[in-house]
Amino acid sequence: MIWLIAKKDFLLNLISVRFIIGFFLCLVIIPFTMVVSVEDFENQLRIYKIDQEKAEKEFKTLRVYSRLRPIVVKQPETLSIFSKGISHNTGNKTKVTLQEYPLFPSGHTSSRDNPLLNAFFSLDFATVIAIVISLLALVFSYDSITREREDGTMKLVLTNPLSRISFLVGKLAGLLLTLLPILIFCYLLACLIIIFNPNIALNGSDWMGIFLLFLTSIIYMFVFVMLGMFISFLTSHSSSSIILCLLCWIGFLFIIPNMATYLSQSISRTPLYDNVQVAIDDYHKEYQKEEEKVFEEKKKETGVKSFGWWNHNSGSDGFEMLSGGKWEVARAHQLKNAWSEPARIDMADKIWPIQKDYLDKLQKQQQVQRYLSWLSPSELFGQATDALCRTDAEAFLKYMETQRMYRETMIRFFTDKNLFTSFLYFTPQPEKDFPTEQELDDFHAGKGGRGYPKDWDPWEEYSFINTDDVPRYVYTMSSPLDTFNAALGRLVALLAISILLLLGTIAVFIKYDVR
């Protein structure tokens with residue numbers, strides 16, 4: 001009897017206008033969304049390859065170790081095609097320096113060519129599923145019971161030797177049989193678009209992630225099916241049921257998420273980063289004054305009379321490269337670096353608590369928003385899909401933590417090799433090739449001292465340093481098990497909501513008077 005009820009509802013839904021409209025809605029929206037997402041991913045991939053090539057070239061074309069400030073370029077996450085999360089809000093590269101801990105990446109954040117064009121909100125596959133599947137689930141379930149009441153068939157059915165639980169299971173099975181093919185069609189269509197794209201290759205971990213996304217979508221669909229049935233049991237007319245269902249749908253998908261964001265900003269306020277930057281700049285200014293003072297002391301210590309170079313370049317991050325000067329000048333730089341670079345690292349340690357406090361407040365605000373949005377099954381679904389696709393805030397924060405650990409590895413490399421006290425840190429010219437001040441004066445006076453010919457080119461004279469022993473950043477991607485564990489709490493919450501709705505529906509149906 002359960003199968004007969006499910007079969008009857010399935011066939012009625014299959015030939016209904018709403019099934020045809022729902023099917024063609026998915027047929028139009030899913031390809032459009034996937035094509036846009038795939039194109040955006042391909043643009044990110046092209047930018048990644050260009051930036052990675054530039055970073056690699058810079059890494060291998062260094063003449064001094066003070067220029068060794070590795071640029072880590074983040075490879076775009078393949079599953080971001082399905083759920084973008086916050087990946088399109090963050091940059092794609094980080095410069096690892098001695099004077100600051102990496103906080104946020106810089107660089108490319110969006111593939112949009114015209115920054116003046118902006119969509120109302122960014123759509124991806126998971127967002128489309130959240131909107132379309134929830135709407136279809138309510139459209140098919142809102143009159144699952146009220147229609148039976150209005151047609152008088154429920155009284156007739158329940159007069160037969162059929163338990164109410166069996167009737168309910170049959171109705172539920174009919175709805176799931178109707179919606180599952182649409183959901184499967186959406187995923188097959190999305191996967192086919194990716195498979196036939198030669199620029200995208202999915203590995204085993206990606207396929208497992210897609211499978212987990214599919215299971216999550218089934219749970220999400222079940223929640224809205226049960227919500228529609230529960231409302232259908234509570235109301236007497238289909239018109240009342242559809243109005244309540246649409247109000248719930250609008251509230252869950254649009255009102256609650258926006259209210260959660262607004263309330264989180266009101267409850268947990270964050271300071272402007274400009275204020276943080278002012279505090280950081282104060283540390284930098286204090287450090288620069290101290291560095292200049294130390295440098296003057298080292299100049300006096302070496303006894304240099306005039307200070308000059310044949311060639312000199314420098315940067316605010318500690319980069320310095322000189323050549324063609326006097327030995328005393330180079331010695332003064334060597335002594336200065338022996339103090340300045342450890343002091344630069346100490347400055348970063350003093351700045352980090354300010355950055356960490358700012359980051360903690362951002363996280364607190366994000367957590368408040370996340371917890372408030374748990375009132376919406378759609379937000380639970382969105383957070384779960386972001387976690388499964390490794391595009392959520394937690395995945396990003398773990399990634400940035402590995403950047404800070406890599407910085408510590410680079411610092412150990414500098415200190416273990418005593419590079420801060422080495423001539424190689426600031427000049428490609430060997431120490432023995434620097435003439436003393438007296439030798440250079442004799443050379444210019446024509447007394448036979450050592451000096452530099454007019455056509456001397458330090459860039460052609462000296463080769464690049466060997467960076468083969470320099471630690472390289474390696475990012476280990478989270479396994480499907482890790483991503484599943486990250487999404488497990490939201491999945492359990494979705495299951496709990498569906499079970500509560502099911503129990504509520506059973507309780508209401510048992511008390512229903514068929515007379």
Side-chain angles (χ1 to χ4, degrees), residues 25 29 32-33 36-37 40 80 82-90 104 109-110 112 115-139 142 213 216-217 219-221 223-224 227-228 231 242-273 358-389 391-397 486-487 489-491 493-494 496-498 501:
L25 188 66
I29 295 179
F32 173 78
T33 303
V36 172
S37 296
D40 184 57
S80 65
F82 288 88
S83 183
K84 292 179 182 178
I86 66 166
S87 61
H88 62 297
N89 297 333
T90 58
F104 290 111
T109 57
S110 175
R112 192 178 301 280
L116 300 179
L117 298 177
N118 192 17
F120 177 68
F121 58 90
S122 180
L123 283 178
D124 53 31
F125 178 81
T127 305
V128 170
I129 290 295
I131 295 173
V132 174
I133 293 299
S134 60
L135 181 60
L136 290 178
L138 292 176
V139 166
Y142 82 94
L213 282 175
T216 305
S217 300
I219 298 173
Y220 174 72
M221 179 184 69
V223 169
F224 277 88
L227 176 63
I231 293 175
I242 188 61
I243 291 173
L244 287 175
C245 285
L246 289 177
L247 287 175
C248 290
W249 182 75
I250 293 172
F252 287 147
L253 270 82
F254 303 104
I255 296 178
I256 291 178
N258 285 286
M259 287 293 293
T261 300
Y262 174 78
L263 288 174
S264 66
Q265 293 173 343
S266 302
I267 295 172
S268 179
R269 296 186 177 275
T270 59
L272 294 174
Y273 191 73
Y358 174 73
L359 184 61
D360 289 343
K361 289 178 180 177
L362 291 182
Q363 286 183 256
K364 182 179 178 181
Q365 188 180 82
Q366 183 264 336
Q367 289 172 352
V368 171
Q369 188 270 344
R370 182 181 63 186
Y371 294 144
L372 289 174
S373 61
W374 279 13
L375 295 171
S376 166
S378 301
E379 280 297 291
L380 286 171
F381 173 73
Q383 292 175 18
T385 55
D386 290 346
L388 291 173
C389 293
T391 57
D392 60 332
E394 286 74 14
F396 169 75
L397 292 172
R490 284 82 161 186
L491 294 177
L494 283 173
I497 292 172
S498 61
L501 288 171

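Treat the numbers as computed from the prediction; the structure is a model and nothing was measured. Note that the numbering runs from 1 along the sequence shown for the chain.
- The closest donor-acceptor contact from the side chain of S83 to the backbone of S80 lies at 3.5 Å or more, if one exists at all.
- Not a single donor-acceptor pair under 3.5 Å links the side chain of S268 to the backbone N or O of S264.
- In plain terms, the two heavy atoms of Y358 and L272 that are nearest each other are CE1-C, 4.4 Å.
- Within the 4.5 Å cutoff, the side chain of L380 has heavy atoms near those of the I497 side chain.
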Practice task
Output, in order, the C-alpha distance, side-chain angles, deciding distance and verdict of side-chain contact (heavy atoms from CB on, under 4.5 Å) for L246 and L138.
Solution key: CA-CA 8 Å; L246 289 177; L138 292 176; over 6 Å; no

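- Here the straight-line distance linking atom CZ of R490 with atom CG of D386 works out to 8.5 Å at 0.5 Å rounding.
- When all heavy atoms of L372 and I256 are compared, the pair lying nearest together is O-CG2, 4.3 Å.
- Distance check: F396 CZ to S87 OG gives 10.5 Å after rounding to the nearest 0.5 Å.
- In this structure, P257 and Q369 approach most closely via the heavy-atom pair O-NE2, 4.3 Å.
- Counted within 6.0 Å of OH on Y273, heavy atoms from surrounding residues, nucleotides or ligands total more than 12; the atom is thus considered enclosed.
- Interatomic distance, CG of L25 versus CG of L135, reported as 8.0 Å (0.5 Å rounding).
- A384 approaches A487 most closely through the heavy-atom pair O-CB, 3.7 Å.
- A distance of 9.5 Å separates CZ of R269 from CD of Q365, quoted to the nearest 0.5 Å.
- Residues L253 and A130 share a closest heavy-atom pair of CD2-O, 3.7 Å.
- Two residues are said to be in side-chain contact when any heavy atoms from C-beta on lie closer than 4.5 Å; L136 and F224 fail this criterion.
- Contact of the C245 side chain with the L227 side chain is not registered, since no non-hydrogen atoms from C-beta on lie closer than 4.5 Å.
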Exercise for the section: Could you go through the side-chain contact (heavy atoms from CB on, under 4.5 Å) check for L397 and E394 one step at a time? Expected result: CA-CA 5 Å; L397 292 172; E394 286 74 14; 5.7 Å; no

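- Contact record, V223 with L494: CG2-O, 3.4 Å, taken as the closest heavy-atom pair.
- One side chain, Y220 or S378, offers a donor N or O that lies under 3.5 Å from an acceptor on the other.
- In this structure, the side chain of S376 engages the main chain of F252 through a donor-acceptor pair within 3.5 Å.
- Side-chain atoms of D124 and T127 include a donor-acceptor pair closer than 3.5 Å.
- The NZ atom of K84 sits 14.0 Å away from atom CD1 of I86, with the distance rounded to the nearest 0.5 Å.
- The structure places CZ of F381 at 8.5 Å from CD1 of I133, a figure rounded to the nearest 0.5 Å.
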